[in-house]
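Numbering of ligands and ligand atoms starts at 1, following listing order.
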Amino acid sequence: MAGAGISTPSGIPDFRSPGSGLYSNLEQYDIPYPEAIFELGYFFVNPKPFFTLAKELYPGNYRPNSAHYFLRLLHDKGLLLRPYTQNIDGLERVAGIPPDRLVEAHGTFATATCTVCQRNFPGEDFRGDVMGDRIPRCPVCTGVVKPDIVFFGEQLPQRFLLHLTDFPMADLLFVIGTSLEVEPFASLAGAVRSSVPRVLINRELVGPFAWQQRHNDVAQLGDVVGGVEKLVELLGWKKEMQTLIQKEKEKVGRGSDPQLPPQPLRSLCWS
Ligand code: APR
């Protein structure tokens, strides 16, 4: 189970960290309250704040970090039943985890839907509009096209229902970089059998790790990259991890990253 905390080392702010989190830095968007930027009612009245934020979050501007590559290594070793992420930055895909293995519980920029005629489009079709500060319009009915990001109150993707079989089957649960504040995703932490160890890698104790601990819960508190790298070392996978990251970086260097069209290098810092 992953949240925005796995992408802060890549330069993408999370939502709730005091001061640095997205929800503490929305003054520029002129919205009534932070979560409005992800609310349909507000979006239909004024989609501009969301698309201004989308320009910053759009896949292609950031690179995965060790936390993403740890998930990729688990996948390569056939140990990863299924990554459930709340993140919309697409960095799990960029790290090489096949999209059909992923559950992107809060949606993705990879696809988009017209809010009027409901036609689906590849998200890539509207990158130019978003980067050019234009509201994406449906080529058929000219309705506003919204990336398939799950807004508050919207249904989660059908794939989220895979948890009904995955979590009872899991024999180990990682919870990485999330406040476990948002339902129904947060409740997944309690969906594994009581005999299954749950490992939290996060700055602070969250959710059931804070208020309903189990005897076999483990918490590695502190920076997510440091925590993951410590675990990788203990597992004896340090060399494999370094080789994987080097190989992926060379791919990007050759501009042949299958997940991303060649992108002008942009500042990795949050503007
Ligand atoms: N190392 C370790 N922990 C970190 C790091 C880091 N570098 N950066 C952030 N964290 C922790 C924070 O301390 C916090 O506990 O990650 C967690 C991030 O929590 P949120 O900002 O609430 O992000 P997330 O849990 O993903 O939010 C869930 O809320 O608004 C919605 O749809 C949005 O998917 C999002 C959902």
Side-chain angles (χ1 to χ4, degrees), residues 1-26 29 31-40 42-43 49-50 53-54 56-57 59 62-71 83-92 102-109 146-157 159-160 163 173-190 198-211 217-232 268-270:
M1 295 175 66
I6 72 166
S7 295
T8 54
S10 295
I12 305 173
D14 65 12
F15 291 90
R16 295 175 179 82
S17 281
S20 61
L22 187 71
Y23 288 157
S24 319
N25 293 282
L26 291 174
Y29 295 107
I31 50 176
Y33 48 89
E35 286 79 358
I37 207 156
F38 290 120
E39 284 184 355
L40 277 180
Y42 189 79
F43 179 82
F50 170 77
L53 174 68
E56 289 301 329
L57 294 177
Y62 303 94
R63 307 301 313 154
N65 62 63
S66 310
H68 301 98
Y69 285 118
F70 173 62
L71 301 180
Y84 284 72
T85 185
Q86 300 168 94
N87 297 345
I88 57 176
D89 54 39
L91 289 181
E92 295 89 358
L102 272 172
V103 171
E104 294 164 311
H106 292 174
T108 170
F109 279 108
K146 170 181 152 307
D148 290 341
I149 302 297
V150 179
F151 276 36
F152 287 113
E154 277 193 303
Q155 282 293 321
L156 271 61
R159 283 180 61 78
F160 182 71
H163 74 78
L173 177 66
F174 282 111
V175 179
I176 312 182
T178 177
S179 61
L180 290 180
E181 291 264 342
V182 174
E183 296 297 357
F185 188 91
S187 294
L188 293 184
R198 302 183 303 184
V199 178
L200 173 71
I201 302 178
N202 202 61
R203 257 200 214 112
E204 74 279 354
L205 288 175
V206 293
F209 293 90
W211 43 262
D217 280 350
V218 173
Q220 165 63 40
L221 299 183
D223 181 72
V224 65
V225 168
V228 161
E229 288 177 351
K230 185 173 169 184
L231 178 58
V232 163
L268 274 185
C269 301
W270 177 258

Could you list each nitrogen or oxygen of ligand 1 that sits under 3.5 Å from a protein nitrogen or oxygen, with the atom names and the distance?
unit_1: ligand 1; atom_1: 1 (N); unit_2: Val224; atom_2: N; d: 2.8
unit_1: ligand 1; atom_1: 3 (N); unit_2: Arg203; atom_2: N; d: 3.0
unit_1: ligand 1; atom_1: 7 (N); unit_2: Thr8; atom_2: OG1; d: 3.1
unit_1: ligand 1; atom_1: 7 (N); unit_2: Asp223; atom_2: OD1; d: 2.9
unit_1: ligand 1; atom_1: 8 (N); unit_2: Thr8; atom_2: OG1; d: 2.9
unit_1: ligand 1; atom_1: 8 (N); unit_2: Arg203; atom_2: NH2; d: 3.4
unit_1: ligand 1; atom_1: 13 (O); unit_2: Glu204; atom_2: OE1; d: 2.7
unit_1: ligand 1; atom_1: 13 (O); unit_2: Glu204; atom_2: OE2; d: 3.2
unit_1: ligand 1; atom_1: 15 (O); unit_2: Asn202; atom_2: ND2; d: 3.0
unit_1: ligand 1; atom_1: 15 (O); unit_2: Glu204; atom_2: OE2; d: 2.5
unit_1: ligand 1; atom_1: 16 (O); unit_2: Asn202; atom_2: OD1; d: 3.3
unit_1: ligand 1; atom_1: 19 (O); unit_2: Ser179; atom_2: N; d: 3.3
unit_1: ligand 1; atom_1: 21 (O); unit_2: Phe15; atom_2: N; d: 2.7
unit_1: ligand 1; atom_1: 21 (O); unit_2: Arg16; atom_2: N; d: 2.7
unit_1: ligand 1; atom_1: 22 (O); unit_2: Arg16; atom_2: NH1; d: 2.7
unit_1: ligand 1; atom_1: 22 (O); unit_2: Ser179; atom_2: OG; d: 2.6
unit_1: ligand 1; atom_1: 25 (O); unit_2: Thr178; atom_2: OG1; d: 2.7
unit_1: ligand 1; atom_1: 25 (O); unit_2: Ser179; atom_2: N; d: 2.9
unit_1: ligand 1; atom_1: 25 (O); unit_2: Ser179; atom_2: OG; d: 3.3
unit_1: ligand 1; atom_1: 26 (O); unit_2: Ala4; atom_2: N; d: 2.8
unit_1: ligand 1; atom_1: 27 (O); unit_2: Arg16; atom_2: NH1; d: 3.0
unit_1: ligand 1; atom_1: 29 (O); unit_2: Arg16; atom_2: NH1; d: 2.9
unit_1: ligand 1; atom_1: 29 (O); unit_2: Arg16; atom_2: NH2; d: 3.1
unit_1: ligand 1; atom_1: 30 (O); unit_2: Arg16; atom_2: NH2; d: 3.3
unit_1: ligand 1; atom_1: 30 (O); unit_2: Tyr23; atom_2: OH; d: 2.5
unit_1: ligand 1; atom_1: 32 (O); unit_2: His106; atom_2: ND1; d: 3.3
unit_1: ligand 1; atom_1: 34 (O); unit_2: Gln86; atom_2: O; d: 3.3
unit_1: ligand 1; atom_1: 34 (O); unit_2: His106; atom_2: ND1; d: 2.8

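Between the CG atom in Asn65 and the CG atom in Leu91 there is a gap of 7.5 Å [rounded to 0.5 Å].
A heavy-atom distance below 4.5 Å is found between the side chains of Phe174 and Leu231. Using a 4.5 Å cut-off on side-chain heavy atoms (C-beta onward), Thr108 and Glu92 make no contact.
In this view, Glu104 and Arg93 satisfy the salt bridge (charged side-chain N to carboxylate O under 4.0 Å, His left out) rule, not counting sequence neighbours. Legend: residues meeting ring-ring contact (aromatic ring centres under 6.0 Å, His included) with Phe109, ordered by chain and number and at least two apart, are Tyr58. Residues satisfying the ring-ring contact (aromatic ring centres under 6.0 Å, His included) criterion with Phe152, sequence neighbours excluded, are absent altogether.
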